There are 2 protein chains.
Amino acid sequence: MKFEAATIKDIAKALGLSTSTVSRALRDSYEISPETKKLVLEYAEKINYHPNPIALSLKERRSRTIGVIVCEIANSFFSQVINGIESIAYNNGYNVIIAQSRESFDREMLNLQYLTSRSIDGLIISVSTETTDISYLKDLNKKGMPIVFFDRIVSDIDTHKVIVDNYTGAYNATSHLIKSGYRNIAAISNPEMLSISKERLAGYRKALADNGIEVDESLLKYCKHGGMINDEVNTVLRELLSRKNKPDAIFTTADKLTTGCLRILKENGLSVPGDIGLLGFSNNDLTELFDPALSVIKQPAFEMGEIATGYLLQLIESKHPVTDFETKVLPTELFIRNSTRRKD
Amino acid sequence: MKFEAATIKDIAKALGLSTSTVSRALRDSYEISPETKKLVLEYAEKINYHPNPIALSLKERRSRTIGVIVCEIANSFFSQVINGIESIAYNNGYNVIIAQSRESFDREMLNLQYLTSRSIDGLIISVSTETTDISYLKDLNKKGMPIVFFDRIVSDIDTHKVIVDNYTGAYNATSHLIKSGYRNIAAISNPEMLSISKERLAGYRKALADNGIEVDESLLKYCKHGGMINDEVNTVLRELLSRKNKPDAIFTTADKLTTGCLRILKENGLSVPGDIGLLGFSNNDLTELFDPALSVIKQPAFEMGEIATGYLLQLIESKHPVTDFETKVLPTELFIRNSTRRKD
DNA sequence: TTTTTTTACGCAATCGTTCCCGTAGAAAGT
DNA sequence: ACTTTCTACGGGAACGATTGCGTAAAAAAA
């Protein structure tokens with residue numbers, strides 16, 4: 001079963017013209033007489049002719065397609081970013097192919113190879129929690145593949161990047177916790193190698209230090225798979241809650257960790273914020289409906305996608321190799337709700 | 001700035017062979033001597049050769065790409081379906097292009113034209129709330145484009161379909177509301193033209209009837225844009241709540257409507273289930289964290305994606321035109337939580 | 001009338017790959 | 001020694017569209 005589209009040849013044959021003439025007529029070339037143009041255009045319309053983009057891609061050696069790799073589209077943050085990406089891409093006649101790494105380096109590599117072999121013109125990526133070996137990305141970039149990083153960036157590759165001010169976001173969030181009376185604040189984070197983890201934990205540390213609270217490293221927990229595996233959040237929470245000086249609040253650095261934490265705290269019969277405060281990064285639109293309504297740090301996800309795509313198209317369409325790269329840093333927004341409202 | 005990949009010609013030139021020989025060596029043809037094969041394979045590996053899929057697509061007149069149109073990927077149900085689609089597609093060497101209609105018929109048409117002009121081999125679609133004119137889809141199907149519908153199907157086009165038993169799902173949900181003591185049960189739904197709306201409302205009606213409750217048509221409200229516009233949920237809720245005999249429970253037939261309802265009820269200071277019960281279709285994984293934990297009807301979204309893709313690949317790869325079509329009907333699952341737990 | 005210019009088209013190469021043919025040269029059969 | 005059969009490879013068309021170049025015929029200029 002195959003879908004056969006009309007080609008320029010069909011038009012040429014039907015009208016007794018050459019394919020060149022038809023092609024030129026369709027593109028409104030000055031060398032074609034008005035009558036012929038009219039003839040061709042009308043017939044093309046009649047048989048519903050559309051140029052074959054694959055043939056065009058082959059000829060022009062560009063696919064007008066950009067690849068996007070995120071860990072998962074079911075994550076609100078990433079789906080919002082993707083919406084931003086698509087809005088700009090489609091407006092510029094570009095197509096978007098989305099691939100999910102699911103926080104696995106192997107899957108990320110597979111997707112990367114798949115996308116590049118599919119002749120994408122450029123790549124927008126937020127790396128997985130497992131990604132430490134960036135040689136493939138580096139090679140790709142060196143060979144001329146335009147790449148833009150967002151959110152989870154890698155510092156070693158020189159290209160455009162779009163992030164938020166993770167440090168300040170985490171600093172303000174932690175400060176808010178302290179101001180609310182919490183002292184023994186644990187942090188649950190993605191692996192430390194991740195750029196966002198580093199920055200967010202740095203902000204957390206600084207806020208504690210600025211308020212005269214010593215950083216207790218044993219209150220810092222990492223989830224290797226970014227909470228993709230529910231059990232790992234469970235494990236670190238059990239560790240934290242079995243301490244003699246239990247934390248009175250938890251700061252989480254990722255969406256999945258934030259909601260995962262709340263789920264497990266509730267499953268364990270702990271009341272939030274009664275027994276323990278909770279605040280974390282999350283772009284989920286429904287956190288205000290939670291019990292308790294969650295205090296969260298939000299990123300301007302849609303805008304990040306827009307900016308990243310703007311950067312990428314700039315790289316793709318630049319005639320000369322670009323050597324001057326920008327890193328756009330956007331502000332985060334802190335939403336204070338019940339999960340950090342201490343009853344005292 | 002352009003990314004130039006190695007071609008078969010590069011190999012041919014470097015080794016003093018013809019492109020035909022290289023091509024055959026790479027495909028392990030019997031007409032090529034073992035020594036030549038080894039030579040070619042090693043060199044190809046060395047320069048990291050990958051066949052250009054665009055050239056292949058042009059030659060084979062298939063893109064190994066399937067198009068997916070949903071209303072939005074940020075919706076849990078659809079992102080889960082997409083995960084199911086991708087898992088099967090990738091395992092079979094197919095690529096997936098996702099497009100969002102955002103409940104707009106115009107956008108759906110644009111995406112449809114875009115995808116077909118991008119030479120997709122097949123299409124998986126759940127139509128928008130606005131879609132009534134299906135002539136384009138019909139034409140496409142007639143011309144040989146393999147199409148599989150899921151969730152929001154159209155009865156007029158004969159092809160494979162994947163749905164859930166919406167009728168029974170809604171029947172059981174409504175029965176549960178009645179058993180819980182609710183009598184004056186309103187329903188908020190997507191437009192009636194949508195297959196799922198029809199079926200779900202039919203289940204709702206039958207459950208009322210079977211329990212001796214007369215269906216009050218004025219308790220049935222429709223949201224034209226499926227809750228994409230927050231205001232429309234607001235409007236219908238205001239209408240319902242300003243009645244003299246207010247509904248004591250609400251049954252919603254779509255994810256966005258369910259969460260939207262809860263948000264507005266809370267904004268209006270109404271307690272759920274104290275003042276009003278709430279139960280609806282939703283595939284959101286976080287509804288149990290809500291205040292109150294939401295009673296929901298879930299669809300086996302991932303499985304639906306898998307099955308739809310299986311059907312589509314079957315259509316694409318079938319040598320002969322397929323005339324015998326299946327409609328797979330999967331069961332829904334009812335989760336009873338606090339939003340329907342009447343305090344009495 | 002002859003030459004030049006313009007108009008309006010066709011031919012053929014190109015993109016990367018596959019595949020149907022054709023064919024040297026070696027091996028095998030007579 | 002001569003014919004036949006393999007073996008191992010090359011030539012070239014094809015997929016659909018674009019585009020530089022060449023060119024008849026018509027129009028304009030000489």
Side-chain angles (χ1 to χ4, degrees), chain A residues 2-41 43-44 47-65 93 116-121 143-144, chain B residues 2-41 43-44 47-65 93 116-121 143-144:
Chain A
K2 221 167 232 175
F3 173 74
E4 305 278 352
T7 76
I8 233 173
K9 274 190 197 166
D10 300 331
I11 304 180
K13 212 169 288 171
L15 302 181
L17 294 169
S18 76
T19 58
S20 356
T21 304
V22 175
S23 172
R24 273 184 273 252
L26 290 169
R27 327 201 104 244
D28 202 26
S29 160
Y30 68 97
E31 325 185 62
I32 305 298
S33 72
E35 303 84 55
T36 309
K37 276 184 193 168
K38 187 156 171 282
L39 209 66
V40 170
L41 253 46
Y43 189 73
I47 64 168
N48 193 28
Y49 168 81
H50 285 281
N52 182 326
I54 292 187
L56 281 177
S57 291
L58 185 59
K59 183 114 230 299
E60 296 175 10
R61 304 162 92 186
R62 58 175 349 212
S63 56
R64 287 203 153 263
T65 298
T116 52
S117 90
R118 287 268 355 146
S119 308
I120 54 170
D121 293 341
K143 278 190 204 150
Chain B
K2 222 165 229 177
F3 173 74
E4 304 280 352
T7 75
I8 236 173
K9 276 189 194 165
D10 299 330
I11 303 179
K13 212 169 288 170
L15 302 181
L17 293 168
S18 76
T19 58
S20 348
T21 304
V22 174
S23 172
R24 272 184 275 251
L26 290 169
R27 327 201 103 245
D28 201 27
S29 158
Y30 70 95
E31 325 185 62
I32 305 298
S33 72
E35 303 85 55
T36 309
K37 276 184 193 166
K38 190 157 170 280
L39 208 66
V40 170
L41 254 46
Y43 188 74
I47 64 168
N48 193 28
Y49 167 83
H50 284 282
N52 182 325
I54 293 187
L56 280 176
S57 292
L58 183 59
K59 188 110 231 296
E60 294 175 9
R61 306 160 92 186
R62 57 166 1 198
S63 56
R64 287 202 152 265
T65 297
T116 51
S117 89
R118 286 267 357 144
S119 308
I120 53 169
D121 293 341
K143 278 189 203 148

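Hydrogens, waters and symmetry mates play no part in the numbers below; they use all other heavy atoms, side chains included. Note that this is a predicted model, so its numbers are computed, not measured. Chain identifiers are assigned alphabetically (A, B, ...) following the order of the sequence lines, protein sequences preceding nucleic acid strands; residue numbering begins at 1 within each chain.
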Taking OP1 and OP2 of [N], is either one under 4.0 Å from a side-chain nitrogen or oxygen of [X]?
X       : N      : answer
A/Lys59 : C/dG16 : no
A/Arg24 : C/dC9  : no
B/Ser33 : D/dC9  : yes
B/Ser18 : D/dG10 : yes
B/Arg61 : D/dA14 : no
B/Ser20 : D/dG11 : no
A/Thr36 : C/dA8  : no

Counting only heavy atoms and a strict 4.0 angstrom limit, can you tell me which residues of residues 47-56 of chain B come near DNA chain C?
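Going residue by residue through residues 47-56 of chain B, the ones with a heavy atom under 4.0 Å of DNA chain C turn out to be B/Tyr49, B/His50, B/Pro51, B/Asn52, B/Ala55, B/Leu56.
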Side chains of B/Ser23 and B/Ser20: is there a donor and an acceptor less than 3.5 Å apart?
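No, because no side-chain N or O of B/Ser23 sits under 3.5 Å from a partner of the opposite role on B/Ser20.
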Please figure out whether B/Ser23 or A/Val22 has its closest DNA chain C nucleotide nearer the 5' end.
A/Val22
Heavy atoms only, 4.0 Å cut-off, all strands: where does B/Thr7 land among base, sugar-phosphate and nothing?
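Since only primed, P, OP1 and OP2 atoms lie under 4.0 Å of B/Thr7, the category is sugar-phosphate.
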Can you check salt bridge (charged side-chain N to carboxylate O under 4.0 Å, His left out) on B/Lys37 and B/Asp28, steps first, answer last?
CA-CA 7 Å; B/Lys37 276 184 193 166; B/Asp28 201 27; 3.1 Å; yes
Min side-chain heavy-atom separation A/Val22-A/Tyr43 under 4.5 Å:
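SC-SC contact between A/Val22 and A/Tyr43 ruled out.
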